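In what follows, chains are A, B, ... by sequence order, proteins preceding strands, each numbered from 1. Computed from a predicted model, the values in this text were never measured in an experiment.
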Amino acid sequence: MRGPAARPRPLDARALAALAANPGCKRRALLDGAGVDKGALAAALGSPMASGQSQFAFMRGNAFEARVKSDGGAELMRLLGVADPTGLQLPDLSAAGPDGRAARTALALREATTAKEWTLLDHPMLALEVAGSPAYLEPDAVVVHPDGQWTVVEIKSFPMIDASADAAKVGAAARQAAVYVLALEQVAARTEGAQVAQSVLLVCPKDFSNLPTASVVDVRKQLSVTRRQLSRLTRVEDIAATLPQGATFDLERSGDELMAAVDSVSAAYAPDCLAACEMAFHCRAAARTDGDISALGRSLRGELGGLTTGSAVLAAARGEAGDPRDPAVAALRRAAALRAGALEAAGCR
Amino acid sequence: MTVFDPAAEAAKATDAILSDTLHGTHRGIVVDSPPGAGKSTLVVSAARELAAVGRSLMVIAQTNAQVDDLVLRLAEKDPELPVGRLHSNDPDPYDKALNGLENVRKSSKASDLAGLDIVISTAAKWAHVQNVEPWPHAIVDEAYQMRSDALLAVAGLFERALFVGDPGQLDPFSIVGADQWAGLSYDPSASAVSTLLAHNPELPQHRLPVSWRLPASAAPLVSQAFYPYTPFRSGTGPEDRKLSFGVVGDGSAHDRVIDEAAWSGWGLLELPARHTPRTDPEAVRAVAQVVRRLLDRGGVATGTAGATPAPVTADRVAVGTAHRDQAAAVRAALAELGVTDVTVDTANRLQGREFDVTVVLHPLSGRPDATAFHLETGRLCVLTSRHRHACIVVCRAGVAELLDEHPSTEPVQLGVTVKFPDGWEANHAVLSHLAEHRVPLTR
Amino acid sequence: MSLITTLARLEAVESGRASPLATVRHRQLSEHPLVLVPLTTAGEAGAPLGALIGTDRQQPRLLTVAQPRDRELRFAFLAELADAVLPYLEAYGDDVELVERNATDAESGKRIKEEVELCADAPQLIVPGRAGIDFVRLLGRSMRFRRTVEQDPDAAYPAPPHVPLLGRWLTHYGERARVPGSSLLLAATDLLNRHWATGQSSLEDQHLGALLAWIDPAEGESGAQAALRAESYRDPRGQLVCPPAGPATDPAFDNRLLAPAVEAYDRVRQRWQAAQDGDEADSWMGELAIAEREIRRLLRTQMEPTWHSVWRAIDLARELPEGARVADRWTRDRWSFTAHRDRVRAGEPPQPRRDDAVTAARKLASRETAQAQLEAQEALDDPLVLAGRRLSGEAFIGEVTDVVMAWSESKRPAPRPLLTFHTDDRPHLGERTKVYRSLDGKPQSAEFVRYETDGVLVLRLTDRMGRAKDPAEGSVPEKGDRIAWTLFEHDQRGGPKLPDPEETPWTHGGPPGTDAESPDLITPEDLL
């Protein structure tokens, strides 16, 4: 489906966490499930989204993470509430290829759990099967406690100022961390005495300094959401079955062909997509062309009943269409009359 | 395995609470009470016991209706007890029924009520009482619906207090953003109990383990869906509650859903999937027709085994909605069908009320999108836990899909305790249970 | 969202131009607002990159930081910012009027009148968007606990003079911006969004360039096209034609233009620092100035379009006549400014990191009051806002068709005339529901009695008719009068008195600690 030459774009934790952003969108589910590079596809369709990170932010993020882990993990353990991590193990996790690294990580987790010693896994590799193919995930760190508990550590470079942080960013971090917890749970299921903590340790710079501080974040809700979304991804095959014969997202094909293939799967565009999906500009343009009300915001639809396009709403409001017994139509007509009356009274028209 | 004896379990819990209240050393006691677990009875008993040992008491409730209800209950139990009803300066500040009670003194000034064993008022009115000697004891009713800042305004009036409430109902809210205080132990927009416990984690916390209101058919679902970590049981067994009708059903969907609910405790009248505005006329009409038939068919309810059956009259039936305009539309539809005296109100206003049968317009019925308001756990909990016999939910098909497509990208505030269950899970739990009692309504 | 707003948005989609959401201006606009367009460094908290600032749209003051990770340069920037802002704020502090207000005498406990100062006007800060308001708060937070050499001779990295003071003012303005209806610190996007509906979503409306494109599109271009251009068009070098309104910069700008310029600056500065003699140093000094000028030039290109957009937004909003009750809300802003001026003058310590329980509760209560008041005042000032309340059943307009005199049944009968009232609106009236109208700017109340027929109802007027048996002249409407009634109150009663912080009860953790806040920790190495 994505074309013979293209390697599937593996889903990372961020992409998996983003599945919850718009679960009603079949287009996104299909493209993600098939491993299509949505950014490249959007560019090929002529609606690229700005992407990329400022190198200032990138450098800052890396420098902060390095600092957090600099002293053999002692700082991290202190943030976890362990004052004296004597005997802290730092196993070497290097191996060839993601499969090899994942196997090495699983082994290290098992050994640490059996050894009942504090162990810090720096950038472990976890594999999670998503819609039939493996996704490789790389949390910043995982700590194994002597009692067999595994804790995900997420290091972010946004600040915690006076013990509070940007709630949208913490939410995104929690959803991402939940994906790691889920992947760890699969390893833990095969490891005796292991248990994955349902809370993660979020490490951020404190106030305006580069000193780390941390907060424990309960990710149980995000876990259940992610589980749900992953189980839904298996429905991708049902969506694919409805595609016309020969539809392909092979980026080698012409723009028209791609356009036809993309448009054959329905999207559920809403403005939130702008922050969550590379296809957003393409879908927004289509939604605007169709006059889809959702392009103006999900919340608008609440009072409009079965009316879904701008022209239908305006026609109903102006008395040109619609059944006046439909309360949505009746309310629209009253709203239009009140609005016109008020503007007239104010001399605006 | 020992047999669960609801009366004994409930009595044990109540004894422990009263003992802590009268003899404990802590400044506060918190009692969690699931729907219909005898919260008001507990408040009345505690108030009388405190009065009996000569400790004068202030009672803080959240609404005037709750205050008047408590005064009437106290007077019913003990007509001799001197009770003060502190009220506002508004016209008709209290229930006229209080005028018939000899030992209830009413005033808008706290000084007029000084010396009475018990003085009862709303949190809002108490907040204006100043320059008085603190009461040795207070009871705070519906404490989970009280905001932290409201407790701050009255906490100086008492030495120690018993806090009673239902953690599963609607949380208090504010009309402006309060995010800047999220995660603070004394976040003014949080519930009074969360602030109290954050600062006084050592306080004893009790739980009433038995719902006397909810029938055996409802308690397991409500407990599992809304109180997953603090389960409770029904005080009655599956055979105790009986709901039957003098008139046999006419085979219509309305009658079939009534019959389904009569024997199983639950009914789902499902309309075809369609996006509608809030006041969906078909759904509103369906609600009204169900109520009409419920009354026409001469329902008879038996509360406990061996009790005398009582007719299910209009005052024993309620309709619950999410929005006020929906309630207004249902009232109008009922009036058209000649039904009066049936309580029709929003979840917020039905909190603490109890009926034989409730008919609920599902908050998500016909909606094109789910919002935090419509998903709020407490709203669905209130709506599905007001009944003694049966609950009939009217809803359009498609809510399960709507839930599935709901984006989950909530922000997370550091330091804020995650509330369980979340609305999504609770809604799914209720829906999947209702699906077993589904009667489709086709035109 | 109200259906009226939805219709306005759809009309905008159809016409390609924003449509009105208000017929009057609901926010105060100072004659001389101070516009601030800040930029910040990506990934760093509180590391400003630059700012355009000033009260003269022709001559903004450009402040820049050549290497934002350098503490010294950041400090220099903050000192300059204080120089630019504080004189503006302080100029309003001495022009006062004397106002009488109620107070309680500390000794006798009696209610007395006292005369206090109220600043005749208040300084107004305008930033491009909500992120700008957050940044003002962040700057305030990062500065107010800093210590100057005078305050603490041993401070490891003393702050330049006035920096902590500016921090306190920005904190005050940031907090005040959370009060509904306040105008001390405004975001240009909020100002425009309050008065116009565009054909895009409210999320997209946060982009000042795209928003202006809808409200003020170029001749012959649709708002949608202009907005698309503002939001995504790039020049051949990959740079946005309309740079973001900040404080965050576009990553493409950071990576392609700014980072190389900063690197060049760093290189030159190293050479300069390593210079062996004065001549060499001088020549590198010159190079350094050139490198710095380039950074200033680049940052100016990012901020200048926004600077003009903010002033354009102010122009557009000024074209609307001011709502009648805007001045009332501005007076509250003046009180707020005056109160903070007094705290600063009294030498009180900076605002704490987090509010104590009582302060938090007080703020929440006053904001809830302000919100209800704002909603009522906007509806009373603006028929279009009132239309929304009429649609939701919270207000109704109509005509008095009959007046029948009646009196209360008390010992001294008071006038309680019955009005028959015709309206096409559908208010949510129940038994004895109170309704209010504005009479000489003050609310007069009535209660609902009954419906006569569809659209005809009877109201009983209940106050403001004087003390005599017969109502005062002009206090009772006459047949044929057109009246707007609201179901919501026009004035808001203040909430209950809360205890003083020192008397915080045990339920809320007892009195807060009285220790002064300590400055933030600063790590020795400043570069990350």
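Heavy-atom distances place the backbone of B:Thr276, and not its side chain, under 4.5 Å from chain A. The part of A:Arg175 that comes within reach of chain B is its side chain, from C-beta onward, which places non-hydrogen atoms under 4.5 angstrom from that chain. If you measure heavy-atom distances from A:Ala163 to chain B, the contacts under 4.5 Å come from the backbone alone. The contact between B:His406 and chain A is made entirely by backbone atoms, counting heavy-atom distances below 4.5 Å. Only the side chain of A:Leu202 comes within contact range of chain B, judged by heavy atoms closer than 4.5 Å.
Open room surrounds CZ on B:Arg324; 12 or fewer heavy atoms of other groups in view lie less than 6.0 Å from it. Taking a 6.0 Å sphere around CD of A:Gln149, one finds it holds more than 12 heavy atoms contributed by other residues, nucleotides or ligands. Residue B:Arg349 places its CZ atom among 12 or fewer non-hydrogen atoms of other residues, nucleotides or ligands, all under 6.0 Å distant. Around atom CZ of B:Phe373, more than 12 heavy atoms belonging to other residues, nucleotides or ligands sit under 6.0 Å away.
The residue among A:Ala167, A:Gly171, A:Gly24, A:Gly302 with the most heavy atom pairs within less than 4.5 Å of chain B is A:Ala167. Between chain A and the options B:Glu401, B:Gln180, B:Arg367, B:Arg278, the largest number of non-hydrogen pairs under 4.5 Å is found for B:Arg278.
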For the pair A:Val217 and B:Val412, evaluate side-chain contact (heavy atoms from CB on, under 4.5 Å) and give the outcome as yes or no after the intermediate values.
-> CA-CA 9 Å; A:Val217 180; B:Val412 174; 4.2 Å; yes
Go through A:Arg220 and B:Glu425 one step at a time and tell me if the salt bridge (Lys or Arg N to Asp or Glu O under 4.0 Å) criterion holds.
-> CA-CA 12 Å; A:Arg220 280 178 292 171; B:Glu425 304 275 351; over 6 Å; no
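Between B:Pro368 and A:Arg301, the closest heavy-atom pair is CB-NH2, 3.3 Å. What you find for B:Pro407 and A:Pro23 is that their closest heavy atoms are CA-CD, 3.7 Å. For B:Pro411 against A:Ala168, the heavy-atom pair with the smallest separation is CB-N, 4.0 Å.
Checked against B:Ser408 for a side-chain contact (heavy atoms from CB on, under 4.5 Å), the options A:Gln222, A:Arg228, A:Lys221 give a single hit: A:Arg228.
Atoms CG and CG, on B:Leu414 and A:Asp162 in that order, are 12.0 Å from each other to the nearest 0.5 Å. Interatomic distance, B:His275 NE2 to A:Thr308 OG1, rounded to the nearest 0.5 Å: 9.5 Å.
When only modelled atom types and interatomic distance are considered, A:Ser164 and B:Gln413 share no side-chain donor-acceptor pair under 3.5 Å.
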